[in-house]
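As structure tokens, the structure follows; a few thoughts come after it.
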2 protein chains.
Amino acid sequence: MASSDSPGNGGRRGRRPGDSGTREAILDAARARFSSEGFRGATVRAIAGDAGVDPALVMHFFGTKQALFVAAMEFPLDPAEIVPRLLGPGVDGLGERLLRFLLGIIDELGDANPMLGLVRSAVTHPDAARMMREFLGEAILDRIAAGIDADRPRLRADLCASQIVGILVARQILALPELAAADRELLVGIYGRTIQRYLTEPLDSS
Amino acid sequence: MASSDSPGNGGRRGRRPGDSGTREAILDAARARFSSEGFRGATVRAIAGDAGVDPALVMHFFGTKQALFVAAMEFPLDPAEIVPRLLGPGVDGLGERLLRFLLGIIDELGDANPMLGLVRSAVTHPDAARMMREFLGEAILDRIAAGIDADRPRLRADLCASQIVGILVARQILALPELAAADRELLVGIYGRTIQRYLTEPLDSS
DNA sequence: TCGCGATCTCAACGCCCGTTGAATCCGAGT
DNA sequence: ACTCGGATTCAACGGGCGTTGAGATCGCGA
């Protein structure tokens, strides 16, 4: 599906003129396939097909399906930059800011969303689970934990992760009907308050 | 792994004496495999191996891998009974009751947890996603929505589902360290309050 | 006692997978 | 003008998959 045929065409072997951009075409196709079908479900052959290229070329560039996965699932935004930007204005309203940002990029990325690819792969593939745990942990959660002033900061970050992953699965993957249809700003308010509570309010019961 | 060899042994063909219990052994093996590896990752051959039986016998009993999945993922508890029991004492403390119950059966079911199998399969396999959406929706969420007295009851139920699925993925599958290690009653308090808010408090921002 | 039918195994089918090795093509550097 | 090496394809490999059909075994009702 969606197999346009810009690169590698004509059935002729050998090098095509120009800078080709084939590598990027493969990465784009891989992002889309991994995101919507997960590591196991996406096949090298289908990715190559989408990119209009022989499967062997994929191996030539990336060596291994696993390595292609790592390359394709690289997060398109740098957490070292965005986390401080979200934390910048202070801890007030942090939950809403975080959620507005999250729902924004979910809609923006659409089909080729590495977060979805990581989730779809992690639930089945232990290596992908490790990748996701490390990315979430080191790149995001620990940074957030370091930026708030409260007890058990890392547990608080994990709580946030559990609600965010739940949003991804329930809204984007399962597509629970009222949740998928709900107004975005309404969700920002509801979930933002949850995140805010996880980050800053006392943890033991009221 | 875990392949004991009670049924179908001896390499001899034909019927064994007694009531055999082979069908149940296959279902048990299927539950464990589907739960820990998802629909695609679990193979008929591995399930048959765990049950100490030829793969063809699995097909003889269930006809299809898909049908075996449906049979194995049947929820071991009847929602038509437990949802009213949770709703019974009224809406006060419903969040905590729901969470105590949920974390309880998660620990109780251990390896062979149909909820995990459904999640692990649904993120990749559209049929399983439909199964899970329908089971969640008709058997649980709609019942809860009918039992609370508030606006947009189904959206509220979907919000609960998103947090619960997030707990399953972050705590049981990704095993985020502080979340997996946290005291159960602490989590009951924290998440219980979230669920309570989703079910009964005003939805638009304070 | 006999045979029906359920239980069970064996061997094979066709398919798709990730990966490999050799061959071809052609732009760029000398 | 000539090579060198990267880009690209083709054909094949070995292995795992779900599924099938034929046949063996044996408990149980008549």
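Every heavy atom of this structure was used, including side-chain atoms; hydrogens, water molecules and symmetry mates were not. Residue numbers begin at 1 in each chain, while the letters A, B, ... track the order of the sequences.
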How long is the span from the CD atom in B:Glu185 to the CZ atom in B:Arg100, to the nearest 0.5 Å?
-> 4.5 Å
Length of the NZ-C1' vector between B:Lys65 and D:dG18, whole Å = 8 Å
Do NZ/NE/NH1/NH2 and the carboxylate oxygens of B:Glu37 and B:Arg33 come within less than 4.0 Å?
-> yes
Among C:dC8, D:dT9, D:dT8, the nucleotide that comes nearest once only the side chain of A:Thr22 is considered = D:dT8
Write down the distance between CG (B:Leu57) and P (D:dT20), rounded to a whole number of angstrom.
-> 15 Å
Could you state the atom-to-atom distance from CG of B:Asp54 to C1' of D:dA24 in whole Å?
-> 13 Å
State whether A:Asp151 and A:Arg156 are salt-bridged, where the test is any N-O pair (Lys NZ or Arg NE/NH1/NH2 against Asp/Glu carboxylate O) under 4.0 Å.
-> yes
Side-chain atoms of A:His60 come closest, of D:dA7, D:dT20, C:dT7, to D:dA7
CZ of B:Phe69 versus P of D:dC17: gap in Å, rounded?
-> 18 Å
To the nearest Å, give me how far apart CD (B:Glu37) and C1' (D:dC17) are.
-> 14 Å
Touch check for A:Ala42, heavy atoms < 4.0 angstrom, all strands: base, sugar-phosphate only, or nothing?
-> sugar-phosphate
Hey, what are the protein-to-nucleotides 14-16 of chain D N/O distances that come in under 3.5 Å?
none

Scan side-chain atoms only and decide if A:Ser162 and A:Tyr198 contain a donor-acceptor pair under the 3.5 Å cut-off.
-> no
d(CZ, A:Phe39; P, C:dC17) in whole Å = 13 Å
Compare the minimum distances between each of C:dC10, D:dT8, C:dT20 and the side chain of B:Ala56, then state the nucleotide with the smallest one.
-> C:dC10
Might you confirm whether atom CG of B:Asp107 has over 12 heavy atoms from other residues, nucleotides or ligands at distances under 6.0 Å?
-> yes
May I have the distance from A:Met59 (atom CE) to C:dT19 (atom P), rounded to whole angstrom?
-> 4 Å
Of A:Met132, A:Gln66, A:Met131, the residue whose pairing with A:His125 passes side-chain contact (heavy atoms from CB on, under 4.5 Å) = A:Gln66
Considering only side-chain heavy atoms of A:Phe61, which listed nucleotide, C:dC8, D:dA7, D:dT20, is closest?
-> D:dA7
Distance from B:Leu203 atom CG to A:Ile190 atom CD1, nearest 0.5 Å?
-> 4.5 Å
Send over the distance from B:His125 NE2 to D:dG18 P, rounded to a whole Å.
-> 11 Å
